[in-house]
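All remarks here apply to the structure that follows.
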Amino acid sequence: MRASLIQIAVDPDEPVDARRARVGRLVRAESGRADLVVLPELWPMGAFAYESFAAESEPLNGPTHRAMAAAARDAGVWLHAGSFVEAEGGALYNTSLVLSPDGELAASYRKIHRFGFDKGEAVMMAAGEDLVTVDLPHLTLGVGTCYDLRFPELFRGLVDAGAQAFVVPAGWPARRRAHWSLLARARAVENQAYVLACGTAGTHAGVEQAGYSVVVDPWGEVLAEAGPDEEILRVVLDPAKVTTTREQFPALKDRVLGVAAPKRG
Ligand SMILES: NC(=O)CCC(=O)C(=O)O
């Protein structure tokens with residue numbers, strides 16, 4: 001399976017509609033080169049552009065969904081369309097979409113762990129509650145978004161639900177790039193799964209983005225890594241590698257579940 005990660009630069013001087021059109025062209029250009037295309041988190045306005053969240057929010061079937069469905073259909077690819085700000089029932093969500101090659105919605109995922117502690121996304125958005133996996137023809141994807149990468153139990157839950165590869169769109173800041181690269185490899189090694197982690201480039205809302213999108217294989221080897229600027233990573237994933245890694249080094253079978261709490265006193 002061929003996968004392309006499109007690391008987009010989010011530049012506040014580029015209007016959201018123009019970026020949507022540009023991203024659509026970039027996805028279409030992967031036609032014939034990729035079976036799966038991946039975009040980053042909140043690329044329409046930027047993951048730290050909190051002041052734009054409400055103004056740029058959309059219903060699930062809004063302009064981002066429509067533009068990306070058309071691009072997926074035209075390119076004939078599975079498209080993890082990154083995420084956008086979804087407005088539903090008076091709440092905002094950081095929602096990602098997976099579209100099939102005929103442009104149909106295969107899955108949507110509302111980010112579970114919201115970033116910002118006592119500000120930003122953490123207070124402006126509601127949390128998702130559901131783990132999401134998507135069955136592609138030869139590979140089951142588990143999805144997470146950015147800050148989720150810090151929470152290994154989410155990814156273990158996705159493995160238990162059958163995930164063989166994790167797709168993690170992000171808007172990760174440059175000042176914590178070392179965490180990003182380390183956590184992407186850690187999630188791959190501990191779960192013996194591919195990790196496709198697609199971040200943004202550029203600077204928006206005063207936050208320099210890391211870039212450095214990365215694809216890690218189930219043994220923890222980095223298959224491809226971007227630099228800090230806008231870039232497309234192209235890799236070939238081998239679903240059999242997940243099976244052989246899990247068979248030849250069957251650590252997942254040695255999990256000890258329900259370990260008791262330590263005795264005190
Ligand atoms: N958009 C995010 O979730 C940012 C996460 C982040 O900066 C971090 O985990 O560090």
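Indexing begins at 1, ligand by ligand and atom by atom, following the structure's order.
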Test applied, side-chain hydrogen bond (donor to acceptor under 3.5 Å, both in side chains); reference residue, Tyr109; option that passes from Thr145, Asp148, Thr95: Asp148

For atom 3 (O) of ligand 1, the protein heavy atom that lies nearest, with its residue and separation: Lys111 NZ, 2.7 Å

Candidates Glu56, Arg20, Arg19 - the one meeting side-chain hydrogen bond (donor to acceptor under 3.5 Å, both in side chains) with Thr64: Arg20

Residue portion contacting ligand 1 (non-hydrogen atoms closer than 4.0 Å) for Phe115: side chain

Ligand 1 atoms in contact with Tyr147 (distance to a heavy atom under 4.0 Å): 3 (O), 5 (C), 9 (O)

Taking atom 7 (O) of ligand 1 as the reference point, the nearest protein heavy atom with its distance: Arg176 NH2, 2.7 Å

Sub-3.5 Å N/O-N/O distance, Glu121 and ligand 1: no

Pairs where residues 58-106 contributes a residue and the test ring pair (Phe, Tyr, Trp, His ring centres under 6.0 Å) is met, not counting sequence neighbours: none

Approximate separation, where rounding is to 0.5 Å, of Leu237 CG and Asp217 CG: 9.5 Å

Nearest neighbour of atom 1 (N) of ligand 1 from the list Glu41, Arg150, Arg175, on a heavy-atom basis: Glu41

Per-atom contacts, ligand 1 versus Cys146 - under 4.0 Å to a heavy atom: 1 (N), 2 (C), 3 (O), 4 (C), 5 (C)

Atom indices of ligand 1, in the order listed, that fall short of 4.0 Å to a heavy atom of Trp172: 8 (C), 9 (O), 10 (O)

Gln209 CD to His204 NE2 distance, which is reported to the nearest 0.5 Å: 4.5 Å

ILVMFWY cluster, Leu99 and Val38 together (side-chain gap under 4.5 Å): no

Contact partition for Trp180 relative to ligand 1, non-hydrogen atoms under 4.0 Å: neither

Gap between atom CZ of Phe115 and atom CG of Asn94 - 0.5 Å precision: 12.5 Å

